[in-house]
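Contents: one structure, followed by commentary.
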Amino acid sequence: MLCQHQPACPSAHDSDHEAARILASHPEQGWSLLCNGVIVFEDTGELLPDCSVIEPHRGPAMHVLVEAA
C-alpha cells in the first residue's frame with residue numbers, strides 16, 4: 001500500500017476506495033492517482049493496482065431526473 005497517512009486511507013479493494021488522498025493529479029489528461037494505488041479517470045472509470053478495471057459509473061444527468069410540471 002502506498003498510503004502513509006494516519007489514519008490510513010481506504011485500500012484499493014474497500015468499497016470507499018475513492019476517498020483516498022490524491023497523490024498526483026493530471027486534469028489535462030483526465031486522471032488522478034490516489035495513495036492507495038487506484039487511478040481514477042474523469043469519466044468515473046477506475047484502474048485498480050491489480051490491473052482490474054471498474055467501468056465508468058456515472059449516474060443520470062440531474063436534468064433527466066426532473067419531470068416537467
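Scored by the side-chain contact (heavy atoms from CB on, under 4.5 Å) test, S15 finds no partners at all (sequence neighbours excluded). Taking H26 as the reference, W31 meet the ring pair (Phe, Tyr, Trp, His ring centres under 6.0 Å) condition, with sequence neighbours excluded.
The backbone N or O of D16 sits nowhere less than 3.5 Å from a side-chain atom of D14 that would complete a donor-acceptor pair. Not one N or O on the side chain of S32 forms a donor-acceptor pair closer than 3.5 Å with the backbone of V40.
Taking every heavy atom of both residues into account, V38 and A12 meet most closely at CG2-CB, 3.6 Å. S11 approaches H17 most closely through the heavy-atom pair O-CB, 3.2 Å. Nearest approach of E42 to P27, heavy atoms of both residues: OE1-O, 4.2 Å. Between C35 and A20, the shortest heavy-atom distance links the atoms SG-CB, 4.1 Å.
At a threshold of 4.5 Å between non-hydrogen side-chain atoms, the residues I22 and L34 count as touching.
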(message) Could you go through L48 and V53, starting from their C-alpha distance and side-chain angles, then the distance that decides it, and tell me whether this counts as side-chain contact (heavy atoms from CB on, under 4.5 Å)?
(response) CA-CA 6 Å; L48 301 180; V53 174; over 6 Å; no
